[in-house]
Each structure stands twice: as C-alpha cells, then as structure tokens.
Amino acid sequence: MKFELTTKNMVYVAIFAGLQLVLEFLTQLTPQMPQGGNISFSLVVIILCSYLMSWSYGVLVSLVCLGLHFVLGFATYYGMASLMFDYVIPMILVGLTGIIPLVHIKNKIFPISIIIIMVLKTISHLLSGWYAFQTPLIGNLTYNLPYNIATCIACYILFILLYPRLKNQFKK
C-alpha cells in the first residue's frame, strides 16, 4: 500500500492515534519504574497500524502520538539525548515494525519483528541511560530490561490475538 493522505486514511490514522492514547492512559495505571518506564502495551496499536496500513502510516501514528504524549504529560523532557533515545527513536522504530514481514508457519503468524524492534528499542533506551543520565551498564540494564521485556511479551501476545481479526477489514 502506498502512502496517500486520503480522507479514509486520515480517519484510520486518527483512530489508531486515539486508541493508542486511550491505551497509553491505561498503561499509566500499571506499575512503573521509579524514574519512569512501564509496560507499554499501548504500542501494539502502532504495530497493528504498521502491518494493517503500512510502515509509513505506522511511523506517522507514532509521531502524532509522541507529540500528544508530551502535550498530555505522558512523556517528560530531560534534554536532547533523552528526547532522541527515549522517545523519538523508539517510537519511530515501533512505527517501522511493519517493514519486517510476518513469519507464517502452518497457518499461524509469528511476528518476530516485534522482538527485533523491541531489542532495538531497548538498545536506544540503554544509550539514553548512558548518554543522558550517565547510568552504569548494570544499573541501566536493571532499569531498562524488565519493562522492555514485559512490553515485548504483552505486544506480542496482543498482536497475535488482534491481527488475524483485523486484517480482513483492511483488505476491503
């Protein structure tokens, strides 16, 4: 699917962004790390958009949501390094998930892309801890790994449950 900002596509982008924000609000109710970071199951909406519409729309939705996260207080500015490595790069990576094809084995889907993207997202957060907060590697891993692994698992499971039910609707 090529990138076109038709009325229909803009409505879909708005729906995906709105759904992601509602789920992000619910994400804020889950346990958080002391300095931020939580199980962001709301990212599954961006991943679904990336596969259902295309990665270009996934990136668009992720950037729209990122801007709204700051406006609504879901994200905090700690300087340029943190902005790039904690927010911009990870959100763009999540939007790009649809670039990696789904693996199909015996009529089952295996979105290995979610694992790959979440590993890259975690590396970005580790770079933020190193550059923006001068956190030693052990502390950085201790802080970033638990919520990123939990986010990966949650998004993987939700994607497997939701994608098969939604994909036929987007072929129309």
Side-chain angles (χ1 to χ4, degrees), residues 16-51 55-103 109-163:
F16 278 115
L19 184 56
Q20 197 279 335
L21 289 172
V22 168
L23 291 178
E24 184 64 22
F25 175 76
L26 295 175
T27 296
Q28 301 301 313
L29 302 176
T30 63
Q32 293 189 9
M33 299 295 286
Q35 301 299 318
N38 54 12
I39 302 170
S40 299
F41 57 86
S42 63
L43 295 178
V44 75
V45 174
I46 298 170
I47 295 166
L48 284 166
C49 177
S50 187
Y51 275 107
W55 65 266
S56 54
Y57 293 101
V59 170
L60 177 61
V61 169
S62 68
L63 292 175
V64 166
C65 290
L66 178 58
L68 291 170
H69 285 192
F70 277 99
V71 169
L72 297 172
F74 294 149
T76 306
Y77 180 76
Y78 292 108
M80 267 323 253
S82 174
L83 176 68
M84 293 307 295
F85 291 119
D86 277 332
Y87 299 108
V88 176
I89 293 171
M91 286 297 274
I92 289 173
L93 285 170
V94 173
L96 290 171
T97 307
I99 284 180
I100 304 168
L102 295 170
V103 175
I109 58 166
F110 294 94
I112 60 166
S113 54
I114 294 174
I115 297 167
I116 294 166
I117 292 299
M118 289 298 170
V119 167
L120 294 173
K121 178 182 174 295
T122 302
I123 291 168
S124 184
H125 290 300
L126 292 171
L127 290 170
S128 175
W130 187 25
Y131 283 117
F133 303 104
Q134 291 80 42
T135 307
L137 182 60
I138 294 297
N140 207 348
L141 290 169
T142 302
Y143 173 78
N144 283 292
L145 285 182
Y147 77 86
N148 278 299
I149 290 171
T151 295
C152 181
I153 293 168
C155 287
Y156 193 93
I157 292 168
L158 288 170
F159 184 87
I160 287 174
L161 293 173
L162 296 171
Y163 179 76

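Scanning both residues, Pro101 and Tyr51, for their nearest heavy atoms gives C-OH, 4.2 Å. Nearest heavy-atom pair, Ile39 versus Ala150, reported as atom, atom and distance to 0.1 Å: CG1-CB, 3.6 Å. Of all non-hydrogen atoms in Thr135 and Gly139, the two that sit nearest each other are CG2-C, 3.8 Å. Trp55 approaches Gly98 most closely through the heavy-atom pair CB-C, 4.3 Å. The two residues Cys65 and Met91 have their closest heavy-atom pair at CB-CE, 4.1 Å.
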### Task
Output, in order, the C-alpha distance, side-chain angles, deciding distance and verdict of side chain to side chain contact (heavy atoms under 4.5 Å, CB included) for Ile115 and Phe110.
CA-CA 10 Å; Ile115 297 167; Phe110 294 94; over 6 Å; no
### Evaluation steps, side chain to side chain contact (heavy atoms under 4.5 Å, CB included), between Leu43 and Met118
CA-CA 10 Å; Leu43 295 178; Met118 289 298 170; 4.1 Å; yes
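Put simply, CD on Gln20 and CZ on Phe74 are 8.5 Å apart, with the number rounded to the nearest 0.5 Å. A distance of 12.0 Å separates CD1 of Ile47 from CZ of Phe16, quoted to the nearest 0.5 Å. The CD1 atom of Ile89 sits 4.5 Å away from the OG atom of Ser124 when rounded to the nearest 0.5 Å. In this structure, the separation between CG on Leu102 and OG on Ser113 is 5.5 Å, given to the nearest 0.5 Å. Between Leu162 atom CG and Ile157 atom CD1 the span is 11.5 Å, to the nearest 0.5 Å. With rounding to the nearest 0.5 Å, the separation of CD1 in Ile46 from CD in Glu24 is 8.5 Å.
Legend: residues meeting ring pair (Phe, Tyr, Trp, His ring centres under 6.0 Å) with Phe25, ordered by chain and number and at least two apart, are absent.
Applying the side-chain hydrogen bond (donor to acceptor under 3.5 Å, both in side chains) test to residues at least two apart or on different chains, none of the pairs has a partner in residues 92-101.
A donor-acceptor pair is defined here as one N or O able to donate and one able to accept, closer than 3.5 Å; such a pair exists between the side chain of Tyr87 and the backbone of Thr76. A donor-acceptor contact shorter than 3.5 Å is absent between the side chain of Ser40 and the backbone of Thr151. Proximity of a side-chain donor or acceptor of Asn140 to a complementary backbone N or O of Leu126 within less than 3.5 Å is detected.
Between the side chains of Asn38 and Thr27, no donor N or O sits under 3.5 Å from an acceptor N or O. No hydrogens or angles considered: nothing links the side chains of Tyr78 and Ser128 as a donor-acceptor pair under 3.5 Å.
Counting only heavy atoms from C-beta outward, the side chains of Val94 and Ser62 never approach each other to under 4.5 Å. Under the 4.5 Å side-chain criterion, counting only non-hydrogen atoms from C-beta, Leu29 is in contact with Leu26.
The only member of Ile100, Ile99, Leu93 that meets side chain to side chain contact (heavy atoms under 4.5 Å, CB included) when paired with Ile116 is Ile100.
Under the 30°/60° scheme for interplanar angles, the aromatic rings of Phe159 and Tyr163 are found to lie parallel.
Other residues, nucleotides and ligands contribute only 12 or fewer heavy atoms inside 6.0 Å of the OH atom of Tyr131.
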